[in-house]
Amino acid sequence: MSVVEQYARAQIVTDTDVQVQEDRGAVPVVLRYDPERDPRAVRVGLPGPHEWTFSRDLLEQGLRAPAGSGDVRVWPCGRVQAVVEFHSAQGVSVVQLETKALLRFLRRTYTAAAEPVRG
């Protein structure tokens, strides 16, 4: 099984990090999936030291309808974007990503999870 790492661009809608707030343009994010670490989880790395781990099912469900409660929530935003909302003790970060990029990432995670173990 192989690790999936995909780079995408996100629009920061709100963020508690002042450095990110100053640049309202698209920012790079890293989408990661490591089936050996946790085959049911994905990670999203935002600019700086911010990385969130949550259920791959939550991401998939949130592309169709609002999903999640607690620290991570995902919902569709029109036909071509999705919103991911991250809650922490420092505040709330809300980012918009292209649905197409998230679907491509999810397809790659299912392919990676289905690969035979080499040994």
Between [X] and [Y], is there a donor-acceptor pair closer than 3.5 Å when you use the side chain of the first and the backbone of the second?
X	Y	answer
R56	A41	no
Y33	A113	no
S2	A112	no

Atom pair [atom1] ([X]) and [atom2] ([Y]), whose distance is rounded to the nearest 0.5 Å:
X	Y	atom1	atom2	result
L97	F105	CG	CZ	11.0 Å
W52	L46	CH2	CG	8.5 Å
D71	L58	CG	CG	11.0 Å
L106	L59	CG	CG	4.5 Å
E5	R43	CD	CZ	8.0 Å
S93	E85	OG	CD	9.5 Å

Please check if atom CD in E98 has more than 12 non-hydrogen atoms from other residues, nucleotides or ligands closer than 6.0 Å. no
Would you say that more than 12 heavy atoms from the other residues, nucleotides or ligands in this model lie under 6.0 Å from the CZ of R9, or not?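 For R9, atom CZ is crowded (more than 12 foreign heavy atoms under 6.0 Å).
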CA sep, side-chain torsions, deciding dist, call: L102, L63, side chain to side chain contact (heavy atoms under 4.5 Å, CB included): CA-CA 8 Å; L102 294 173; L63 295 179; 3.7 Å; yes
Single-linkage hydrophobic cluster, 4.5 Å side-chain cutoff, [X] and [Y] together:
X	Y	answer
V84	V30	no
V13	V92	yes
L31	L103	yes

How close do C77 and Q96 get, heavy atom to heavy atom, and via which atoms?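 Distance-wise, the nearest heavy atoms are SG-NE2, 3.4 Å.
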Closest heavy-atom contact between A8 and A101? CB-CB, 4.4 Å
Regarding E51 and R32, does a basic nitrogen lie under 4.0 Å from an acidic carboxylate oxygen? yes
Side chain proximity check, V83 to V95, heavy atoms < 4.5 angstrom: no
